[in-house]
Amino acid sequence: MPNNRQQLEQGRASIAYTRVKEFVDSKPGENVLGEYKSYSKKFPMMVKTNGLGAALAFICSKNPKAYKRLYEDLTVWLKEDKKKIVNLEQRDLLQQIVDMDDAARYRALTNEVLAFMNWHRRFTEGMIKTNNPQT
């Protein structure tokens, strides 16, 4: 019988797999797929370097389809997350982070995003094969 931690990891993996597979299957083009894979790899370091709020604000300020999809992937996971660190039914993720005044909750959210991105990165690396040597 799986424990709570195992169920949480399986949930992260399942959502990450589904989101990446749906995007790959939509055939957005090799350049977009390469960007998506690259952003998935770079985003955790952006979070660690600049903080979750700044990293998400950066993503939201960009136009590429790959950045928008990455933001959507994170939002979908956080809506499914059983811990319910944020309530995304009423407000946007970035808005909640900007308004968040609880440092412990902010750290918990940051850790959750990084844990999800670990699975996301694995699946983008496995499912996206591009000719771009940077990805």
Side-chain angles (χ1 to χ4, degrees):
M1 174 164 248
N3 62 29
N4 285 343
R5 183 175 174 90
Q6 223 174 356
Q7 289 174 336
L8 186 60
E9 284 297 320
Q10 288 172 339
R12 288 178 188 134
S14 176
I15 297 292
Y17 175 82
T18 300
R19 295 294 296 176
V20 172
K21 182 154 180 28
E22 285 173 357
F23 194 64
V24 170
D25 289 349
S26 74
K27 299 188 183 350
E30 188 173 337
N31 286 344
V32 174
L33 285 174
E35 290 172 352
Y36 184 63
K37 179 179 177 181
S38 176
Y39 301 158
S40 181
K41 289 167 68 173
K42 292 176 182 177
F43 183 71
M45 188 51 69
M46 288 173 59
V47 170
K48 291 175 184 175
T49 303
N50 303 305
L52 181 59
L56 286 173
F58 177 80
I59 282 179
C60 289
S61 73
K62 298 299 177 187
N63 253 344
K65 186 176 184 178
Y67 271 128
K68 288 183 193 307
R69 179 57 186 225
L70 184 60
Y71 186 84
E72 291 169 8
D73 293 348
L74 288 167
T75 301
V76 166
W77 166 244
L78 291 170
K79 281 183 180 178
E80 295 289 322
D81 181 25
K82 303 282 187 255
K83 293 184 284 180
K84 297 294 181 203
I85 300 168
V86 289
N87 180 359
L88 298 175
E89 303 305 322
Q90 298 169 352
R91 292 190 307 163
D92 181 70
L93 174 60
L94 191 56
Q95 183 64 49
Q96 286 199 42
I97 290 170
V98 168
D99 294 342
M100 197 174 282
D101 58 358
D102 181 354
R105 199 165 133 230
Y106 183 83
R107 279 191 305 275
L109 180 59
T110 299
N111 289 336
E112 188 55 44
V113 165
L114 291 173
F116 174 77
M117 287 307 300
N118 190 39
W119 283 105
H120 195 277
R121 176 189 47 78
R122 289 176 187 170
F123 290 126
T124 59
E125 287 176 349
M127 289 185 210
I128 300 172
K129 306 295 181 210
T130 62
N131 294 326
N132 186 348
Q134 293 180 337
T135 61

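Separation of atoms OG1 (Thr75) and CZ (Arg19) is listed at 8.5 Å; rounding is to 0.5 Å. From Arg122, atom CZ reaches atom CE of Met117 across 12.0 Å, with rounding to the nearest 0.5 Å. Rounded to the nearest 0.5 angstrom, Leu56 CG and Leu74 CG are separated by 6.5 Å. Ile128 contributes atom CD1, which lies 11.0 Å from atom CD of Glu35 (distance to the nearest 0.5 angstrom). The line from NZ of Lys84 to NZ of Lys79 is 9.5 Å long, rounded to the nearest 0.5 Å. To the nearest 0.5 Å, atom CZ of residue Arg107 and atom CG of residue Asp102 are 8.0 Å apart.
Using cut-offs of 30° and 60° on the angle between ring planes, the pair Phe116 and Trp77 is parallel.
Taking all atoms of both residues into account, the shortest heavy-atom contact from Ala13 to Phe123 is O-CE1, 3.3 Å. Of all the heavy atoms in Asp99 and Arg91, the pair that sits closest is OD2-NH1, 2.6 Å. Between Cys60 and Leu94, the shortest heavy-atom distance links the atoms SG-CD2, 3.9 Å. Taking all atoms of both residues into account, the shortest heavy-atom contact from Tyr36 to Ala66 is N-CB, 3.5 Å.
Put simply, Phe23 and Ile59 are part of two different groups of oily side chains (I, L, V, M, F, W, Y) that touch within less than 4.5 Å, one to the next. Val20 is not connected to Val76 by any chain of hydrophobic side-chain contacts under 4.5 Å among Ile, Leu, Val, Met, Phe, Trp and Tyr, and they are in different clusters. Connection of Ile85 to Ile15 is established within a shared hydrophobic cluster, with ILVMFWY side chains joined at heavy-atom distances below 4.5 Å, either directly or through further cluster members. Linking Ile, Leu, Val, Met, Phe, Trp and Tyr residues whenever their side-chain heavy atoms come within less than 4.5 Å leaves Met45 and Leu52 in two separate clusters. Grouping the Ile, Leu, Val, Met, Phe, Trp and Tyr side chains by contacts below 4.5 angstrom, directly or via other members, places Tyr71 with Tyr106.
Side-chain atoms of Gln96 and Asp92 include no donor-acceptor pair closer than 3.5 Å.
Side-chain contact between Asn4 and Lys82 is absent, with no heavy atoms from C-beta onward closer than 4.5 Å. Between Asn118 and Pro44, the closest side-chain pair of non-hydrogen atoms is not below 4.5 Å. In this structure the side chain of Val113 reaches within 4.5 angstrom of the side chain of Leu78, judged on heavy atoms. Leu33 is not listed as a side-chain neighbour of Lys129, based on a closest heavy-atom distance of 4.5 Å or more.
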Residues Glu112, Lys83; criterion salt bridge (Lys or Arg N to Asp or Glu O under 4.0 Å); working and verdict: CA-CA 10 Å; Glu112 188 55 44; Lys83 293 184 284 180; 2.4 Å; yes

Pair Arg12-Asp81, side chain to side chain contact (heavy atoms under 4.5 Å, CB included): steps then yes or no: CA-CA 8 Å; Arg12 288 178 188 134; Asp81 181 25; over 6 Å; no

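Ring centroids of Tyr67 and Phe58 are separated by less than 6.0 Å, placing the two rings close together.
Residue Ser40 forms a side-chain hydrogen bond (donor to acceptor under 3.5 Å, both in side chains) with just one option from His120, Arg69, Arg121, and that option is His120. For the side-chain contact (heavy atoms from CB on, under 4.5 Å) with Asp25, the qualifying choice from Glu22, Lys27, Lys21 is Lys21, the only one to do so.
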